[in-house]
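What follows is a set of notes on a single structure, which appears directly below.
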Amino acid sequence: MPAFSMTAPNLPRIIENSPLARIARWKLGQTNVAMVLGRSIHLSGVTRADFLRDASWVAHELCHIRQVQEHGLMGFLWKYLVESARVGYYANRFEVEAREAGRRDAAQVAVWLGIAPPQGHGRGGAEPSQPSATAADARPDTVA
């Protein structure tokens with residue numbers, strides 16, 4: 001279920017050119033990163049406008065915000081880090097759930113944002129083991 005009501009635009013705070021997201025982008029070796037910190041989405045290498053044009057990416061990050069709300073910030077951080085250390089980024093249950101939310105909720109988020117619905121998997125929507133997955137599809141993001 002999306003983290004926010006789809007009946008009224010209630011976007012989380014979105015911070016462009018975030019120094020924290022820039023560090024994550026550098027560490028992950030990515031051209032752009034969205035990073036959830038509590039109830040805010042921090043961006044690096046992508047503008048707010050471009051981020052909001054990608055409904056599957058927005059749905060993915062909204063799922064992470066919901067996860068933080070469900071587990072509490074410190075509880076979520078601990079569980080996310082333990083899960084990543086145990087099974088890696090792609091198999092991390094929080095990332096699996098967010099990728100699924102990106103696929104499942106993208107059309108609804110697109111309507112909510114007033115943009116065209118995504119075609120195909122969308123950004124981060126394909127599992128990396130699938131033949132159609134590209135580096136952009138399997139883009140890591142960071143959650144805190």
Side-chain angles (χ1 to χ4, degrees), residues 1-130 133 136-144:
M1 175 185 294
F4 296 87
S5 164
M6 294 296 139
T7 58
N10 184 19
L11 283 172
R13 183 172 173 219
I14 299 174
I15 301 164
E16 291 181 283
N17 301 313
S18 166
L20 296 171
R22 189 174 310 119
I23 291 168
R25 190 178 92 189
W26 172 77
K27 175 99 170 115
L28 294 168
Q30 298 295 309
T31 57
N32 51 46
V33 165
M35 176 176 165
V36 169
L37 292 168
R39 192 176 158 89
S40 299
I41 299 172
H42 293 246
L43 304 175
S44 180
V46 63
T47 65
R48 174 189 169 93
D50 285 341
F51 171 72
L52 291 174
R53 279 193 279 272
D54 190 332
S56 62
W57 196 6
V58 173
H60 179 108
E61 299 308 326
L62 290 176
C63 179
H64 286 313
I65 289 174
R66 182 187 49 74
Q67 292 167 340
V68 170
Q69 290 171 339
E70 286 178 3
H71 298 276
L73 180 59
M74 296 312 290
F76 177 76
L77 281 173
W78 176 252
K79 291 172 188 175
Y80 186 94
L81 292 173
V82 168
E83 181 79 0
S84 290
R86 191 174 67 78
V87 299
Y89 171 80
Y90 292 107
N92 180 319
R93 65 186 169 111
F94 298 105
E95 287 301 327
V96 170
E97 181 183 5
R99 284 192 301 273
E100 175 56 30
R103 285 188 290 272
R104 180 191 65 232
D105 300 338
Q108 190 176 7
V109 169
V111 169
W112 178 53
L113 294 171
I115 61 173
Q119 302 298 311
H121 289 294
R123 185 181 177 104
E127 296 296 330
S129 60
Q130 292 178 344
D137 290 332
R139 163 208 50 80
D141 65 351
T142 306
V143 181

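All values below come from the heavy atoms of this structure, side chains included, with hydrogens, waters and symmetry mates left out. Numbering starts at 1 and runs along the sequence shown.
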Measure across [X] and [Y] and return the closest heavy-atom pair with its distance rounded to 0.1 Å.
X      : Y      : answer
Ile41  : Pro12  : CD1-CG, 3.7 Å
Gly38  : Val36  : O-CG1, 3.6 Å
Ser44  : Arg25  : OG-NH1, 3.1 Å
Ala106 : Pro118 : CB-CG, 3.4 Å

[atom1]-[atom2] distance between [X] and [Y], expressed to the nearest 0.5 angstrom:
X     : Y     : atom1 : atom2 : result
His60 : His64 : NE2   : NE2   : 3.0 Å
Glu95 : Tyr90 : CD    : OH    : 9.5 Å
Leu52 : Leu11 : CG    : CG    : 6.0 Å
Arg22 : Leu43 : CZ    : CG    : 11.5 Å
Arg39 : Leu62 : CZ    : CG    : 9.5 Å
Phe94 : Gln67 : CZ    : CD    : 6.0 Å

Going by the rule side-chain contact (heavy atoms from CB on, under 4.5 Å), which residues pair with [X] if we only count those two or more places apart in sequence or in a different chain?
X      : answer
Leu81  : none
Arg86  : Glu83
Ala101 : Cys63, Arg104, Asp105
Ile115 : Ala55, Ala110, Leu113

message: Using the salt bridge (charged side-chain N to carboxylate O under 4.0 Å, His left out) criterion, which residues pair with Arg48? Sequence neighbours excluded.
response: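 Per chain and number, Arg48 pairs via salt bridge (charged side-chain N to carboxylate O under 4.0 Å, His left out) with no residue.
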
message: My understanding is that only residues two or more places apart in sequence, or in another chain, count here; which of them pass side chain to side chain donor-acceptor pair (under 3.5 Å) with Arg53?
response: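 If we apply the side chain to side chain donor-acceptor pair (under 3.5 Å) test to Arg53, skipping adjacent residues, the hits are Asp50.
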
message: So, using side chain to side chain donor-acceptor pair (under 3.5 Å) as the criterion, who are the partners of Ser40 when residues are at least two apart?
response: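 Testing Ser40 for side chain to side chain donor-acceptor pair (under 3.5 Å), a comparison that skips the adjacent residues, returns none.
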
field: Test side chain to side chain contact (heavy atoms under 4.5 Å, CB included) applied to Asp54 and Ser56, step by step
entry: CA-CA 6 Å; Asp54 190 332; Ser56 62; 3.0 Å; yes

- prompt: ring pair (Phe, Tyr, Trp, His ring centres under 6.0 Å): which pairs involve residues 21-45, sequence neighbours left out?
  reply: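 Ring pair (Phe, Tyr, Trp, His ring centres under 6.0 Å) check on residues 21-45 returns no pairs.
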
Any donor-acceptor N/O pair, Asn92 side chain to Tyr80 backbone, under 3.5 Å: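 Yes, the answer is positive, given that a donor and an acceptor are paired below the 3.5 Å cut-off.
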
Contact list for residues 70-79, test side chain to side chain donor-acceptor pair (under 3.5 Å), sequence neighbours left out: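 Found Arg66-Glu70, His71-Lys79.
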
- request: In sequence, state the C-alpha distance, the side-chain angles, and the governing distance for Val96 and Glu100, and then conclude on side chain to side chain contact (heavy atoms under 4.5 Å, CB included).
  value: CA-CA 6 Å; Val96 170; Glu100 175 56 30; 5.7 Å; no

- request: Determine whether Leu77 and Leu73 make a side-chain contact, defined as any pair of heavy atoms from C-beta on separated by less than 4.5 Å.
  value: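 They are in side-chain contact.
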
- prompt: In chain order, what residues pass the ring pair (Phe, Tyr, Trp, His ring centres under 6.0 Å) check against Phe51, with sequence neighbours excluded?
  reply: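 Partners of Phe51 under the ring pair (Phe, Tyr, Trp, His ring centres under 6.0 Å) test: Trp57.
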
